[in-house]
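Following: one structure in structure tokens, then a few remarks.
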Amino acid sequence: MHHTHRTEEPAAYVDAREELRQAEVELMRHRERVADLRRRLPLGPAVDDYVFEEGPADLQAGDAPATTVRLSELFTRPGRDLVVYHFMYGKQQSQPCPMCTMWIDGFNGIAHHVARNVDFAIVAAADLPTLRAHARSRQWTNLRLLSAGSNTFKYDLESEDAEGNQDSTVSVFTRDGNGSVRHFYSAHPRLSDDIDQRGIDLLSPVWHLLDLTPQGRGDWFPSLSY
């Protein structure tokens with residue numbers, strides 16, 4: 001199968017590209033099988049109705065008044081699920097994680113699309129003014145930003161250890177017929193002993209664009225300087 005209208009492609013290239021296409025088709029089908037397995041997970045346990053701190057919806061309006069919001073109140077209407085990204089910032093993570101920052105830059109750009117289907121929030125252990133100051137520097141104006149520094153949410157979901165070291169994590173919550181919040185799914189970068197940093201790469205298109213190129217992603221790592 002040709003992938004362009006160019007007629008001078010060498011036969012060896014066409015054959016190799018077709019072999020790759022078949023592998024890409026199988027990968028897509030396997031991702032669909034994995035997604036189906038995820039969707040068919042039974043409901044997890046009921047969770048505490050954690051209390052977070054939140055500032056004004058307008059990020060440029062300053063940090064006061066700070067209000068509290070419960071996990072259950074992050075669901076904006078019935079029938080919606082809640083996705084939470086655990087930002088590596090706060091406690092032992094004294095500087096915002098560059099990788100998380102890059103991902104959240106992307107989340108900010110697509111938040112209005114995501115909001116049509118699910119509720120979404122960013123949670124960090126950093127205190128509210130510190131979190132919002134970084135958010136202002138990145139222009140995260142479309143995201144709900146919450147501080148969990150005074151509760152055990154991140155520890156309970158294993159994005160924070162007993163010493164306050166932070167990890168990036170994504171968690172999904174839903175509500176049962178009685179309105180109780182149930183944990184549905186969480187994923188961490190570390191999938192196994194030999195997969196330390198790739199477990200939630202599907203959350204960011206940056207890696208996939210780099211992987212299209214001959215050089216791939218290599219050892220590239222994002223920076224906060226741009």
Side-chain angles (χ1 to χ4, degrees), residues 1 3 16-47 71 74-75 79-88 97-123 143-144 153-161 166-177 180-222:
M1 175 183 288
H3 296 270
R17 183 64 186 89
E18 175 60 16
E19 180 182 4
L20 173 60
R21 185 184 73 86
Q22 292 293 339
E24 290 172 331
V25 168
E26 182 53 36
L27 175 62
M28 183 276 294
R29 289 173 175 159
H30 187 69
R31 284 201 305 265
E32 288 298 313
R33 290 194 291 271
V34 171
D36 182 60
L37 286 172
R38 187 183 299 115
R39 287 190 295 269
R40 290 192 286 112
L41 281 171
L43 287 181
V47 297
L71 182 65
L74 299 177
F75 294 84
R80 286 168 67 90
D81 300 315
L82 170 67
V83 179
V84 174
Y85 181 76
H86 303 237
F87 181 18
M88 292 175 64
C97 170
M99 185 83 73
C100 290
T101 295
M102 178 187 76
W103 289 5
I104 299 171
D105 284 346
F107 297 154
N108 183 70
I110 63 170
H112 62 296
H113 298 294
V114 173
R116 297 184 64 181
N117 297 284
V118 299
D119 294 311
F120 182 66
I122 306 295
V123 171
L143 297 170
R144 195 159 191 181
F153 175 81
K154 296 185 94 273
Y155 178 79
D156 294 344
L157 275 297
E158 293 192 4
S159 68
E160 177 182 295
D161 66 16
Q166 304 295 301
D167 196 6
S168 54
T169 300
V170 61
S171 294
V172 180
F173 301 91
T174 190
R175 289 188 291 189
D176 61 25
S180 297
V181 179
R182 307 285 288 271
H183 177 244
F184 179 73
Y185 173 80
S186 282
H188 306 265
R190 187 176 182 85
L191 278 176
S192 65
D193 289 342
D194 62 333
I195 302 177
D196 188 33
Q197 291 293 330
R198 304 283 292 271
I200 54 176
D201 277 10
L202 288 175
L203 294 179
S204 173
V206 174
W207 302 128
H208 311 297
L209 289 173
L210 295 179
D211 281 344
L212 295 176
T213 69
Q215 294 185 25
R217 68 179 72 185
D219 59 359
W220 179 84
F221 195 83

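One-based numbering along the sequence shown.
R116 and H112 make their closest contact through CG-O, 3.6 Å (heavy atoms, listed as atom of the first residue, atom of the second, distance). Here the closest heavy-atom approach between residue V118 and residue V83 is recorded as CG2-CG2, 4.2 Å. The two residues W103 and Y85 come nearest to each other via the heavy atoms CE3-OH, 3.3 Å. Shortest non-hydrogen contact noted between H183 and V47 is CB-CG1, 3.7 Å. Closest heavy-atom contact between P98 and P222: CB-O, 3.4 Å. Annotation for F120 and R144: closest pair O-CB, 3.9 Å, computed over non-hydrogen atoms.
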key: Test log, rule side-chain contact (heavy atoms from CB on, under 4.5 Å), inputs H208 and L212   = CA-CA 6 Å; H208 311 297; L212 295 176; 6.0 Å; no
inquiry  = Between S159 and F87, does the side-chain contact (heavy atoms from CB on, under 4.5 Å) criterion hold? Intermediate values first, please.
reply    = CA-CA 9 Å; S159 68; F87 181 18; over 6 Å; no
task = Step by step, work out the side-chain hydrogen bond (donor to acceptor under 3.5 Å, both in side chains) result for H86 and S171.
result = CA-CA 8 Å; H86 303 237; S171 294; 2.9 Å; yes
inquiry  = For a side-chain contact (heavy atoms from CB on, under 4.5 Å) check, start with the C-alpha distance between D105 and N108, then their side-chain angles and the critical distance, and finish with the verdict.
reply    = CA-CA 5 Å; D105 284 346; N108 183 70; 5.9 Å; no
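Judged by distance alone, with hydrogens and angles left aside, the side-chain atoms of R217 form no donor-acceptor pair with the main-chain N or O of V206 at under 3.5 Å. A donor-acceptor pair under 3.5 Å links the side-chain atoms of R182 to the main chain of G44, judged by distance alone. Between the side chain of T213 and the main chain of L210, a donor-acceptor pair closer than 3.5 Å is present.
The distance from the CE atom of M28 to the CZ atom of R33 is 9.5 Å, given to the nearest 0.5 Å. With rounding to the nearest 0.5 angstrom, the NZ atom of K154 is 10.0 Å from the CG atom of D161. With values rounded to the nearest 0.5 angstrom, F107 atom CZ is found 7.5 Å from S204 atom OG. The distance from the CH2 atom of W207 to the CE atom of M102 is 4.5 Å, given to the nearest 0.5 Å. Summarising the geometry, atom CD1 belonging to I122 is positioned 4.5 Å from atom CD1 belonging to I104; distances are rounded to the nearest 0.5 Å. Note that CG of D119 is 6.0 Å distant from CG of L82, once rounded to the nearest 0.5 Å.
For F184, there are no ring-ring contact (aromatic ring centres under 6.0 Å, His included) partners, not counting sequence neighbours. With sequence neighbours excluded, the residues that form a salt bridge (Lys or Arg N to Asp or Glu O under 4.0 Å) with R40 are D36. The ring-ring contact (aromatic ring centres under 6.0 Å, His included) check on H188 picks up nothing, with sequence neighbours excluded.
In this structure, R29 does not pair ionically with E32, as no charged nitrogen and carboxylate oxygen lie closer than 4.0 Å. Classification of R17 and E24 as a salt-bridged pair holds, one side-chain N sitting under 4.0 Å from a carboxylate O.
F173 places none of its side-chain heavy atoms less than 4.5 Å from the side chain of L74.
Under the 3.5 Å distance criterion, with hydrogens and angles disregarded, no donor-acceptor pair is assigned to the side chains of Q22 and E26.
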